[in-house]
Amino acid sequence: MLYILQQMLLLFGIVMVGFFSTKLGFWKPDLNKKMSHFVLNVSCPMLILSSVMGDGLVFSREEIVRLMWVSVVNYAIIFPLAYLVSAIWRQPDEDRRGQLRFMTAFGNVTFVGFPATAAIFGDRALFYAAVLTIPFNLLMYTIGEVFIAGGKARNAIQPKRVLSPCVIAALITIVLALAKVQTPPLVARFFHLGGDMTIPVALIVVGSTLASMPKRAMLGSRFAYTVSFVRLIAVPAVVYAVFRLIPSIDPFTLQVAVVLSGMPIGVNGVMFCLKFNKDERLMAQSIFLSTALSMLSIPVLAMLVRSL
């Protein structure tokens, strides 16, 4: 649990770097949109590809298929829940409804989820998490973009999205995982090094966005607290309840999947808001607050799911 808290503090530290760099004039606010394009088109595809590179996935092909099936079922639960939450929680405009759906559906499963599952369940859980998040990457950069951009879910299959760098990278990871391709160590290090830029840059953009808000707004609005509760508590509770009804899912996979579903809001939400010229302030505020609250919720969720 101490390791998880350390990861949270690292997140806050980088957010504060962005916050104070903007306040001191080292990081100009107009950099946010430019850096979002860099993240979505360069570093994030490298991060996605790096998830199946290196020492690798020490599973049989059947195990990989089974884990990916669990991930698909997971999002078959979460996406209807995201629409249900936005229907019950009547927001004044479509942009906010789309952001609410994104915040409900997509958590920070890489920077927070990977180390958290490894710390809680051991190193093998890290490999489980890597496979479980392959469909996550594909869905985030198709349906997740539609949530922020606006429009119907069927718009996710438009060529401009299906052929985006992140989606192409996600499709390649599926092929690499199923074919059990072992990439050369130098190639793996190259993609890990490039991909490792993604989270720090995204967090700096979050901090820079917060710097433009009044100090009181950083502490969160009622919306930010409520959506944090949905993302950290309600989503994993529903996922756990449904998975318990599926006898073919083994307990260890269930535990890892449920904990991953309770991660704070994904930082790429800010990137998408900037990409589609949406107001990113509410997204940044909610990411900041949900990450803060996850310092308590993740350890509690882990203890509950292991004891039930």
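When reading the values below, keep in mind they use all heavy atoms of this one structure, side chains included, and skip hydrogens, waters and symmetry mates.
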(request) Evaluate the ring planes of F147 and F106, with Trp represented by its six-membered ring, and classify them as parallel (under 30°), tilted (30 to 60°) or perpendicular (over 60°). (result) tilted
(message) So Y83 and T104, do their side chains get closer than 4.5 Å, heavy atoms only?
(response) no
(request) Answer with yes or no whether the hydrophobic clustering places V52 together with L193; edges join I, L, V, M, F, W, Y residues whose side-chain heavy atoms lie under 4.5 Å apart. (result) no
(request) Compare all side-chain heavy atoms of V227 with those of S290 and state whether any distance is below 4.5 angstrom. (result) no
(request) May I have the step-by-step check of side-chain contact (heavy atoms from CB on, under 4.5 Å) for F19 and T209, ending in yes or no? (result) CA-CA 8 Å; F19 179 86; T209 302; over 6 Å; no
(message) Rounded at 0.5 Å granularity, tell me how far CD1 in I134 sits from CG in L178.
(response) 7.5 Å
(message) Could you check whether any side-chain heavy atom of F272 comes within less than 4.5 Å of a side-chain heavy atom of M283, counting everything from C-beta outward?
(response) no
(request) Go through W89 and R96 one step at a time and tell me if the side-chain contact (heavy atoms from CB on, under 4.5 Å) criterion holds. (result) CA-CA 11 Å; W89 189 0; R96 183 167 287 198; over 6 Å; no
(message) Can a donor-acceptor pair be found, under 3.5 Å and without considering hydrogens, that links the side chain of S36 to the backbone of K33?
(response) yes
(message) So does I265 get a backbone contact from the side chain of R231, meaning a donor-acceptor N/O pair under 3.5 Å?
(response) no
(request) Report the relative orientation of the aromatic rings in Y75 and F136; use parallel for angles under 30°, tilted for 30 to 60°, perpendicular for over 60°. (result) tilted
(request) Among L139, V239, V73, find the residue that satisfies the side chain to side chain contact (heavy atoms under 4.5 Å, CB included) test when tested with I78. (result) V239
(message) How close do I148 and K278 get, counting heavy atoms only, and between which atoms?
(response) O-CE, 3.3 Å
(message) What I want to find out is whether E94 reaches R101 closely enough, with some N-O distance under 4.0 Å, to be called a salt bridge.
(response) yes
(request) Could you tell me whether the side chain of N277 and the main chain of C273 form a donor-acceptor pair under 3.5 Å? (result) no
(request) Go through the side-chain N and O atoms of T198 and S43 and say whether any donor and acceptor fall under 3.5 Å apart. (result) yes
(request) Spell out, as yes or no, whether a donor-acceptor pair under 3.5 Å connects the side chain of S294 to the backbone of T291. (result) yes
(message) I'd like to know if the side chain of K275 and the backbone of H37 have a donor-acceptor N/O pair within less than 3.5 Å.
(response) no
(message) Are the side chains of P184 and V187 in contact, using a 4.5 Å heavy-atom criterion?
(response) yes
(message) So, taking the atom named CZ in F121 and the one named OG1 in T253, what distance separates them when rounded to the nearest 0.5 Å?
(response) 10.5 Å
(request) For the pair S71 (side chain) and M68 (backbone), establish whether a donor and an acceptor sit closer than 3.5 Å, ignoring hydrogens and angles. (result) no
(request) State, to 0.1 Å, how close P45 and V39 come at their nearest heavy-atom pair, and which atoms those are. (result) CD-O, 3.7 Å
(message) Once rounded to the nearest 0.5 Å, what's the spacing between atom CG of N137 and atom CD1 of I174?
(response) 9.0 Å
(message) So which atom in G262 and which in I298 form the shortest heavy-atom distance, rounded to 0.1 Å?
(response) O-CG1, 4.3 Å
(message) Within this structure, what is the CZ-CG distance for the pair F288 and L293, rounded to the nearest 0.5 Å?
(response) 10.0 Å
(message) So which atom in L100 and which in S86 form the shortest heavy-atom distance, rounded to 0.1 Å?
(response) CD2-CA, 3.7 Å
(message) Using side-chain heavy atoms (C-beta onward) and a distance below 4.5 Å, is F20 in contact with F26?
(response) no
(request) Establish whether F252 and I246 are linked, either directly or via other cluster members, by ILVMFWY side-chain heavy-atom contacts under 4.5 Å. (result) yes
(request) Please tell me if the side chains of R244 and I249 come closer than 4.5 Å, counting only heavy atoms from C-beta onward. (result) no
(message) Is any side-chain heavy atom of I64 closer than 4.5 Å to one of L67?
(response) no
(message) Apply side-chain contact (heavy atoms from CB on, under 4.5 Å) to residues N268 and C44 and explain how you reach the verdict.
(response) CA-CA 9 Å; N268 280 1; C44 199; 3.9 Å; yes
(request) Over all heavy atoms of both residues, which pair between P135 and L132 is shortest? Give the atoms and the distance, please. (result) CD-O, 3.6 Å
(message) Measuring from atom CG of L260 to atom CG of N74, what distance do you get when rounded to the nearest 0.5 angstrom?
(response) 8.5 Å
(request) Give a yes or no on whether V72 and V167 share a hydrophobic cluster (residues Ile, Leu, Val, Met, Phe, Trp, Tyr; joining criterion: side-chain heavy atoms under 4.5 Å apart). (result) no
(message) Run the side-chain contact (heavy atoms from CB on, under 4.5 Å) test on R66 and D250 for me, step by step, so that the C-alpha distance in whole Å, both residues' side-chain angles and the decisive distance to 0.1 Å come before the verdict.
(response) CA-CA 10 Å; R66 176 174 56 81; D250 67 274; 3.0 Å; yes
(message) Under 4.5 Å between side-chain heavy atoms, counting indirect links through other Ile/Leu/Val/Met/Phe/Trp/Tyr residues: same cluster for L40 and L47 or not?
(response) no
(message) With a 4.5 Å cut-off on side-chain heavy atoms, are E145 and F102 touching?
(response) no
(request) Say whether, by atom type as modelled, one donor and one acceptor occur between the side chain of Q99 and the main chain of D279 under 3.5 angstrom. (result) yes
(message) Restricting to non-hydrogen atoms, name the atom on S307 and the atom on L304 that form the minimum distance, rounded to 0.1 Å.
(response) OG-O, 3.0 Å
(request) Starting at CZ of F191, measure out to CG of D196 and round the result to the nearest 0.5 Å. (result) 13.0 Å
(request) Look at the side chain of S208 and the backbone N and O of I204, then say whether any donor-acceptor pair between them is shorter than 3.5 Å. (result) no
